[in-house]
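Reviewing the structure listed below.
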Amino acid sequence: MDDAFTAAERDALYKAIFSRRDVRGQFRPDPVPDEVLDRILLAAHHAPSVGFMQPWNFIVVTDPAVKSRIHADFARANEEAAALFEGERRALYGRLKLEGIREAPVNLCITCDRERAGPVVLGRTHLPAMDLYSCVCAVQNLWLAARAEGLGVGWVSILHEDVLKQALGIPERIVPIAYLCLGHVSHFETTPELETKGWRKRLPLEDLVFRDRWEGE
Ligand SMILES: Cc1cc2c(cc1C)N(C[C@H](O)[C@H](O)[C@H](O)COP(=O)(O)O)c1[nH]c(=O)[nH]c(=O)c1N2
């Protein structure tokens, strides 16, 4: 079968999956070459999508003024979020670095145009969120391709949607799916930062896999 992966190709794919990290604090300022950005955007554009809808757009942000505006909103949202935790947990939350908006040379907003393929979309009729999920598939493709290119990506969701839409001029019908920070990094951590900093551990896979029917609470 000549469309099979060689062992080395398979290993490379798993390497990208297992060494991908959410990057917040390790961005370097070097610019991301256009051809590299084009390759990872093409990888995102090859994600699966419901009814082959391809509902995504990619807003590439490099203007420091726009980044600053988004960062100011992050600061406000982060204070609101911190207030929801108490005691030690709040202190730990306050020590977490949860974005790299200004340090990352490129920010990228991936959006969903829910009307891209008209009112009736193959596969979306009974489960209307499928177009949103398709855009998340594009995010993951981009995240893995970026890792293979040696670029870090960090997802920032501590933002107010209305402020984000206004800052980027996003029309009413378009849904922002992901706001990402992107750039070269000093290094990739081997473990999620939320784990090393004591926020939460990876769950054992065997607790999450059920056979034939739901076996949990
Ligand atoms: C939908 C969504 C939203 C967010 C995230 C992820 C995803 C999928 N993550 C990253 C998240 O914290 C991270 O993926 C996990 O901690 C696991 O770490 P690794 O991605 O494996 O390094 C994230 N990280 C962060 O620092 N600030 C944020 O606002 C968010 N938001």
Side-chain angles (χ1 to χ4, degrees), residues 22-29 31-32 34 36-38 40-45 47 49-50 53-85 90 93-94 96-119 121 124 128-143 145-146 151-185 193-194:
D22 183 65
V23 173
R24 303 92 182 251
Q26 295 88 28
F27 287 111
R28 291 201 331 235
V32 176
D34 283 345
V36 177
L37 188 59
D38 288 348
I40 65 173
L41 290 173
L42 187 63
H45 184 45
S49 61
V50 68
M53 192 181 170
Q54 306 158 74
W56 38 71
N57 285 91
F58 307 97
I59 307 174
V60 179
V61 177
T62 52
D63 181 348
V66 179
K67 288 185 191 171
S68 287
R69 191 158 171 210
I70 307 279
H71 183 267
D73 183 57
F74 163 81
R76 184 165 70 90
N78 202 39
E79 272 184 27
E80 292 164 1
L84 301 176
F85 301 103
R90 186 183 305 185
Y93 184 91
L96 297 172
K97 167 108 172 114
L98 296 173
E99 54 75 40
I101 296 167
R102 292 170 303 179
E103 308 91 292
V106 177
N107 291 186
L108 185 66
C109 186
I110 300 186
T111 59
C112 182
D113 182 349
R114 309 207 69 185
E115 297 170 14
R116 171 100 7 121
V121 176
R124 196 187 60 172
M130 291 298 144
D131 51 356
L132 305 173
Y133 300 163
S134 301
C135 291
V136 178
C137 293
V139 176
Q140 182 69 350
N141 264 18
L142 180 132
W143 211 334
L151 291 175
V153 173
W155 189 326
V156 186
S157 55
I158 306 164
L159 296 171
H160 297 93
E161 189 176 282
D162 56 336
V163 177
L164 182 62
K165 287 182 79 163
Q166 211 189 15
L168 300 180
I170 296 173
E172 185 58 37
R173 70 170 199 287
I174 304 290
V175 180
I177 300 296
Y179 192 82
L180 305 172
C181 304
L182 184 87
H184 292 286
V185 292
E193 275 181 56
L194 290 189

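Everything numeric in this text was worked out from a predicted model, so none of it was measured.
- A distance of 5.5 Å separates CE of Met53 from SG of Cys112, quoted to the nearest 0.5 Å.
- A donor-acceptor pair is defined here as one N or O able to donate and one able to accept, closer than 3.5 Å; such a pair exists between the side chain of Lys97 and the backbone of Glu99.
- Considering Ile170, Leu108, Val66 in turn, Ile170 is the only one that fulfils the side chain to side chain contact (heavy atoms under 4.5 Å, CB included) rule with Ile59.
- Contact record, Pro176 with Ile174: CD-O, 3.7 Å, taken as the closest heavy-atom pair.
- Counting heavy atoms of neighbouring residues, nucleotides and ligands inside a 6.0 Å radius, atom CD of Glu79 does not exceed 12 of them.
- A distance of 9.0 Å separates SG in Cys135 from CG in Asp113, rounded to the nearest 0.5 Å.
- Counting heavy atoms from C-beta on, the side chains of Pro31 and Pro105 never come closer than 4.5 Å.
- Taking CG from Asp73 and CG from Asn78, the interatomic distance works out to 10.5 Å, rounded to the nearest 0.5 Å.
- Taking the side chain as every heavy atom from C-beta outward, Leu151 and His184 approach each other to under 4.5 Å.
- Heavy-atom minimum distance, Gly100 versus Cys181: C-SG, 3.6 Å.
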Ile40 vs Leu182, side-chain contact (heavy atoms from CB on, under 4.5 Å): CA-CA, chis, key distance, verdict: CA-CA 11 Å; Ile40 65 173; Leu182 184 87; 3.9 Å; yes

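- In this structure, Trp155 contributes its side chain and Ala178 its backbone to no donor-acceptor pair below 3.5 Å.
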Show the numbers, then the answer: is there a salt bridge (Lys or Arg N to Asp or Glu O under 4.0 Å) between Lys165 and Asp162? CA-CA 5 Å; Lys165 287 182 79 163; Asp162 56 336; over 6 Å; no

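- To the nearest 0.5 Å, atoms CD (Glu103) and NZ (Lys67) are separated by 9.0 Å.
- Between Leu159 and Ile70 there is a side-chain heavy-atom pair separated by less than 4.5 Å.
- Annotation: Tyr133, atom OH; neighbour count of heavy atoms from other residues, nucleotides and ligands within 6.0 Å does not exceed 12.
- The 12-atom threshold is exceeded at CZ of Arg90, counting heavy atoms of other residues, nucleotides or ligands nearer than 6.0 Å.
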Under the side-chain contact (heavy atoms from CB on, under 4.5 Å) criterion, do Leu98 and Phe74 qualify, and how do the steps go? CA-CA 9 Å; Leu98 296 173; Phe74 163 81; 4.1 Å; yes

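- Listed for the Ser134 side chain is a donor-acceptor partner under 3.5 Å among the backbone atoms of Val50.
- Below 30°, between 30° and 60°, or above 60°: for Trp56 and His45 the angle between ring planes is above 60°, a perpendicular geometry.
- In this structure, Val153 and Ala146 approach most closely via the heavy-atom pair CG2-CB, 3.6 Å.
- Side-chain contact between Leu180 and Leu142 is present, with at least one heavy-atom pair separated by less than 4.5 Å.
- Put simply, the side chain of Val61 does not reach to within 4.5 Å of the side chain of Cys109, judged on heavy atoms.
- With contacts defined as side-chain heavy-atom distances shorter than 4.5 Å, the pair Val163/Arg76 qualifies.
- Distance alone, capped at 3.5 Å, is enough to place a donor-acceptor pair between the Asn107 side chain and the Ile101 backbone.
- Side chains of Asp22 and Glu193 form no contact here, defined as non-hydrogen atoms less than 4.5 Å apart.
- Put simply, CZ on Arg69 and CG on Leu164 are 10.0 Å apart, with the number rounded to the nearest 0.5 Å.
- Taking the side chain as every heavy atom from C-beta outward, Glu80 and His160 approach each other to under 4.5 Å.
- At distances below 3.5 Å, not a single donor-acceptor pair connects side-chain atoms of Arg114 with backbone N or O atoms of Val175.
- One N or O on the side chain of Asn141 and one on the backbone of Ala43 form a donor-acceptor pair closer than 3.5 Å.
- Nearest heavy-atom pair, Gly154 versus Phe27, reported as atom, atom and distance to 0.1 Å: N-CZ, 4.2 Å.
- Here the CD-CZ distance, from Glu115 to Arg173, works out to 5.5 Å after rounding to the nearest 0.5 Å.
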